[in-house]
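To keep things clear, I will list the structure first and then write my remarks on it.
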Amino acid sequence: MSTTRNIGILAHVDAGKTTITERILFRTGATYKQGEVHDGTTVTDFDAQERQRGITIFAAAVSCTWDEHRINLIDTPGHVDFSAEVERSLRVLDGAVAVFDGVAGVEPQSESVWRQADQHRVPRIAFVNKLDRAGADLDAAVASIRTRLRVTPLVVQLPIGAEDGFTGVVDLVTRRAYTWVDGAIVEVDVPDPAEAARRRRLLEETVAELHAGALEEFVADDALKDATLRDALRELTGTGAGVVVLCGSAYKNRGIEPLLDAVVAYLPSPLDVAPVDPQRPATPDAPFAGLVFKVQAATTGRLTYVRVYSGTIAKGATVLDTGTGRTERISRILHVQADRHTELDDASAGDIVAVVGVKHARVGSTLCAPDAPLVLEAATTAEPVVSVAVEARVATDTDRLAAALARLVEEDPSLRVRSDPETGQTVLSGLGELHLEVAVEKLRQTGGLSVNVGRPQVSYRETVVAGVSGLLYRHVKQDGGAGQYAHVLIDVTPSQEPFGFDSAVVGGRVPKEYVRAVEAGCRDALLEGPLGGHPVTGVHVTLVDGQTHAKDSSELAFRTAGRLALQQALRQSTMAVLEPVAEVTVTAPDDTVGAVLGDLAARRGRVTDSTSRGGTAVVTATVPLAELFGYATRLRSRTQGRGTFTTRPAGYQPAPGGTSGGTA
Ligand SMILES: Nc1nc2c(ncn2[C@@H]2O[C@H](COP(=O)(O)OP(=O)(O)OP(=O)(O)O)[C@@H](O)[C@H]2O)c(=O)[nH]1
Ligand SMILES: [Mg+2]
C-alpha cells in the first residue's frame, strides 16, 4: 500500500489537466494511443458534452503503474461552475498535482482550488505547463505562486530553452539533464552547468531555511547531499511548508516522466496520511470504513464510488450506512478506468473503487462494517446561486422529467430541485449558468426528454441590518386533549455568521431540550425571509426567557414557537436583500480596455485591479451575478473576439433598493 498514490490533478480551466492525464496514461503504457482534447479523443473527457465543449465537467478516475507504484489519478474540472466536483474529489485524495499555465501563472480559479486543497490539507506539488507557448516564463510563474498562493516554491528543475525552443529540463536534485526526441526521454549533458549549480544552491538554501535536519547538514558541510535534499523535499511537501515546482509542456510531451517520478518521490501514500480515526488504522485487517464521494445514477444500474479508508470489503458483503442506519449489500466491486470497468473480488484500505448494489447511500455517506459503526466527515456542498424553471414540452413527460431531475440531484448534490409555491413551476438551481446548461443538456441527451427552460435567475438572500430585542411570542393551544404551550422571549441581532443561537435563560426556566427545539424552530424560520421569501443569513438569536406548562409543553410546541417568534421578529427588523456577486477577471488587448471598462460599469461592476503587460490588459472587477448573464457574447463583440474572462463566486452584497424599514 505504501506503493499506492491517490492523486488529483487540479487547476484553472484550460491549464492542461486533461492533456497531462492523457500523456501520463500514454507514458505509463496504460493506453496505446494518445488522445487530444481538441479532437475529443481523451480518455478522461469521455462524456459527450465534454467532447463537444472541449472542457472537463466530471471528475474522472484512471490508474496506471509507474516505477512499481500504482497511481490512481482523478482528472478534475477547472471551470468554477464545477467546483463542487473538485471538492468531492479532494475529500478522498492523498495528494495532488496543481497545474499552472506557463504564460498566465496563478489564475483566479487556480487560487480557489489551491485554497480548497488547503482546507482538506491535501499535499501538493506544482507543474508549470505550456512552457512551449510564446510568453511562457517559469520564473514569473514561480513568482506568482509565491505571491498569490503565499507558499514557498521549491523549484527542482531548470528549463532548457524557452517558448518554441523549450526542449528539456535539468533535474536540480540529481543534476542530470533530459530532452525529448520523438516523444522519448533522452539524457543529455547539462547545457549551462554554472546556472544549474546556482539554482541548485538556491534550492538548498531555501530547503535549509524550512527544514531543521537539512539546516544542520547545510551549516556543517555548506551543501546538501542529494538524498538529504530528496528526503527534506518529501517532508516539506507532506507538511505543506514548501511546494515542489516542476515544469514542462504536456502538449509537446515534455516533462511527464519527471512529473511521475516526483509524484512517487514526494507525494504521500495512503499510509503516510493521518488515519481518519485513531481507532481505524489504514490497514486491510481493521474493520471496514469508507466514504461515498460520487454516485452515478444511470437507469441501467447505480454506481457508488467509495474511498476505502480502513479494512477490506469483499463482493457480497453487507455494509452499514451510518447516516441512514440502513444496511446495504455490495454485489459487485469495480475498478473504474474512465468509461471502462474491471471486476474485483475485494478492495482494501487506500483503494478507490465503485460498488454496485448500494441503492440508498448518498454522496458524503459513510459505509462501514455493521459491527463497527463510524461517521466520516463529508465534504461541504456549495449553495446554489442561479436557477432556471424547467418543464417538459409534452405534459405526458412530466413524471419522467421529475425522475430524471431526481437522478441529476442524486449524482450532483450541488444541484437542487424545488417547486415554486407561487407559480407551481419546477425550479432547478445550481452554481452557475454553465452548470445548469450542462444539467439541462443531460436531461435531453441521456433522458431523451424535450424540455422548456426559463431565463436564468439569481438566488437572493435576506439579512438583518438592525434587529429587535425582547420579542415575546406566546404559542398556546389548549382546547381539550393534548395542548400546546410555549412562551419564548427572544433578541435578534445581525451576525457575521450565517446563523448563531445562544440561550440566556436563567434558573432552568426552559429545559435544555426545549431550548434546542427553539433553535430548531429558528432554523425553520430562516428558510423564507419577510422581504421576498428568500433564505435568511447573518442573524443571531438569543433566547432570553420562556415559560412552560406542566402538561401542555412539548418539544414540538417550542419548535413551533421558535419558528413563529423569529418570523415575527424578522418582520419587525430592518432587513436587506442580498444578491450574489462574482469576481470577474477579463483579459483583453489594451486597445479594447475602454470598451471593457465601460461595459463593466454599466453592469454595476466595481473594478478592483487593472494591469497591463505586453499589450494585454487584465481587469479584475466585482460584478453582481445577475448582470453577468450573456456576458460572454458581449465581451466577444466588444473585443472583436480577442477578450476572455473567468469568474469565481465572491459572496453576497446588498441589492439596490432591497432594504425594508421594519415596524419596530
Ligand atoms: N501550447 C500548449 N497547449 C497545451 C498544453 N497542454 C495543453 N494544451 C492545450 O490547452 C487546451 C486545454 O487543455 P486541457 O487539457 O483540456 O485543459 P484542462 O485543464 O483539462 O481544462 P478543463 O478540464 O476544461 O479545466 C487544449 O487545447 C490543449 O491542447 C501545452 O503544454 N502547451
Ligand atoms: Mg480537463
Side-chain angles (χ1 to χ4, degrees), residues 8-27 31 34-62 73-87 89 96-114 116 126-138 141 157 159 161-169 180 183 246-259 338 431-432 434-435 437-438 632 644-648:
I9 313 249
L10 311 172
H12 189 86
V13 68
D14 264 0
K17 298 174 290 295
T18 301
T19 308
I20 290 170
T21 307
E22 190 69 21
R23 297 307 189 258
I24 287 179
L25 292 177
F26 186 68
R27 287 293 133 206
T31 55
Q34 186 171 285
E36 298 295 350
V37 173
H38 53 89
D39 296 333
T41 52
T42 62
V43 175
T44 48
D45 283 357
F46 60 85
D47 180 84
Q49 286 203 66
E50 296 182 309
R51 298 199 153 178
Q52 284 153 14
R53 294 172 192 264
I55 58 167
T56 303
I57 297 169
F58 310 103
V62 288
L73 206 83
I74 297 186
D75 173 24
T76 66
H79 195 286
V80 58
D81 279 20
F82 309 111
S83 59
E85 188 79 0
V86 180
E87 184 77 23
S89 307
V97 176
V99 182
F100 301 94
D101 180 316
V103 180
V106 176
E107 295 169 270
Q109 186 62 11
S110 1
E111 204 179 323
S112 300
V113 292
W114 188 269
Q116 269 179 296
F127 185 75
V128 178
N129 189 33
K130 302 199 185 184
L131 281 196
D132 60 295
R133 280 185 61 195
D137 181 345
L138 176 64
Q157 290 177 337
E163 303 183 345
D164 245 4
F166 167 69
T167 55
V169 294
W180 282 266
L246 298 101
C247 62
S249 161
Y251 188 62
K252 297 261 172 89
N253 277 308
R254 287 174 193 153
I256 298 302
E257 297 88 343
L259 175 62
L431 302 182
L434 183 64
H435 191 207
E437 209 180 295
V438 164
T644 57
F645 78 104
T646 60
T647 67
R648 59 170 176 167

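Each ligand, and each atom within it, is numbered from 1 in the order the structure gives. Quick note: numbers below take in every heavy atom, side chains included, and nothing from hydrogens, waters or symmetry partners.
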Filter the ligand 1-protein atom pairs down to N or O on both sides and distance under 3.5 Å, then list them.
{"residue": "ligand 1", "atom": "1 (N)", "partner": "D132", "partner atom": "OD2", "Å": "2.9"}
{"residue": "ligand 1", "atom": "6 (N)", "partner": "N129", "partner atom": "ND2", "Å": "3.2"}
{"residue": "ligand 1", "atom": "10 (O)", "partner": "K130", "partner atom": "NZ", "Å": "3.2"}
{"residue": "ligand 1", "atom": "15 (O)", "partner": "T18", "partner atom": "N", "Å": "3.4"}
{"residue": "ligand 1", "atom": "15 (O)", "partner": "T19", "partner atom": "N", "Å": "2.8"}
{"residue": "ligand 1", "atom": "15 (O)", "partner": "T19", "partner atom": "OG1", "Å": "2.5"}
{"residue": "ligand 1", "atom": "17 (O)", "partner": "G16", "partner atom": "N", "Å": "3.1"}
{"residue": "ligand 1", "atom": "19 (O)", "partner": "A15", "partner atom": "N", "Å": "3.2"}
{"residue": "ligand 1", "atom": "19 (O)", "partner": "G16", "partner atom": "N", "Å": "2.9"}
{"residue": "ligand 1", "atom": "19 (O)", "partner": "K17", "partner atom": "N", "Å": "2.8"}
{"residue": "ligand 1", "atom": "19 (O)", "partner": "K17", "partner atom": "NZ", "Å": "2.7"}
{"residue": "ligand 1", "atom": "20 (O)", "partner": "K17", "partner atom": "N", "Å": "3.4"}
{"residue": "ligand 1", "atom": "20 (O)", "partner": "T18", "partner atom": "N", "Å": "2.8"}
{"residue": "ligand 1", "atom": "20 (O)", "partner": "T18", "partner atom": "OG1", "Å": "2.8"}
{"residue": "ligand 1", "atom": "21 (O)", "partner": "D14", "partner atom": "N", "Å": "3.0"}
{"residue": "ligand 1", "atom": "23 (O)", "partner": "T56", "partner atom": "N", "Å": "3.3"}
{"residue": "ligand 1", "atom": "23 (O)", "partner": "T56", "partner atom": "OG1", "Å": "2.7"}
{"residue": "ligand 1", "atom": "24 (O)", "partner": "T56", "partner atom": "N", "Å": "3.2"}
{"residue": "ligand 1", "atom": "25 (O)", "partner": "D14", "partner atom": "N", "Å": "3.3"}
{"residue": "ligand 1", "atom": "25 (O)", "partner": "K17", "partner atom": "NZ", "Å": "2.9"}
{"residue": "ligand 1", "atom": "25 (O)", "partner": "G78", "partner atom": "N", "Å": "3.0"}
{"residue": "ligand 1", "atom": "31 (O)", "partner": "N129", "partner atom": "OD1", "Å": "3.1"}
{"residue": "ligand 1", "atom": "31 (O)", "partner": "K130", "partner atom": "N", "Å": "3.4"}
{"residue": "ligand 1", "atom": "31 (O)", "partner": "S249", "partner atom": "OG", "Å": "3.2"}
{"residue": "ligand 1", "atom": "31 (O)", "partner": "A250", "partner atom": "N", "Å": "3.0"}
{"residue": "ligand 1", "atom": "31 (O)", "partner": "Y251", "partner atom": "N", "Å": "3.2"}
{"residue": "ligand 1", "atom": "32 (N)", "partner": "D132", "partner atom": "OD1", "Å": "2.8"}
{"residue": "ligand 1", "atom": "32 (N)", "partner": "D132", "partner atom": "OD2", "Å": "3.4"}

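Counting heavy atoms from C-beta outward, D81 and E437 have side chains that stay 4.5 Å or more apart. H12 has its side chain out of reach of D101: every pair of non-hydrogen atoms, C-beta onward, lies at least 4.5 Å apart. By the 4.5 Å heavy-atom criterion applied to side chains, T646 and V80 are not counted as neighbours.
At a threshold of 2.8 Å, the Mg ion (ligand 2) has no backbone or side-chain N, O or S atom of T42 nearer than that distance. Within the 2.8 Å limit, T76 places no N, O or S atom next to the Mg ion (ligand 2).
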>> Assess the residue pair R23 and E36 against the criterion (salt bridge (charged side-chain N to carboxylate O under 4.0 Å, His left out)); give the C-alpha distance rounded to whole Å, side-chain angles, the decisive distance to 0.1 Å, and a yes or no.
In response: CA-CA 10 Å; R23 297 307 189 258; E36 298 295 350; 2.9 Å; yes
>> Quick one, T44 with V62, criterion side chain to side chain contact (heavy atoms under 4.5 Å, CB included). Give me CA distance, side-chain angles, the key distance, then yes/no.
In response: CA-CA 8 Å; T44 48; V62 288; 3.7 Å; yes
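Applying side-chain contact (heavy atoms from CB on, under 4.5 Å) to D39 and the options V37, T41, T42 leaves one that passes, T41.
Using cut-offs of 30° and 60° on the angle between ring planes, the pair H435 and F82 is perpendicular.
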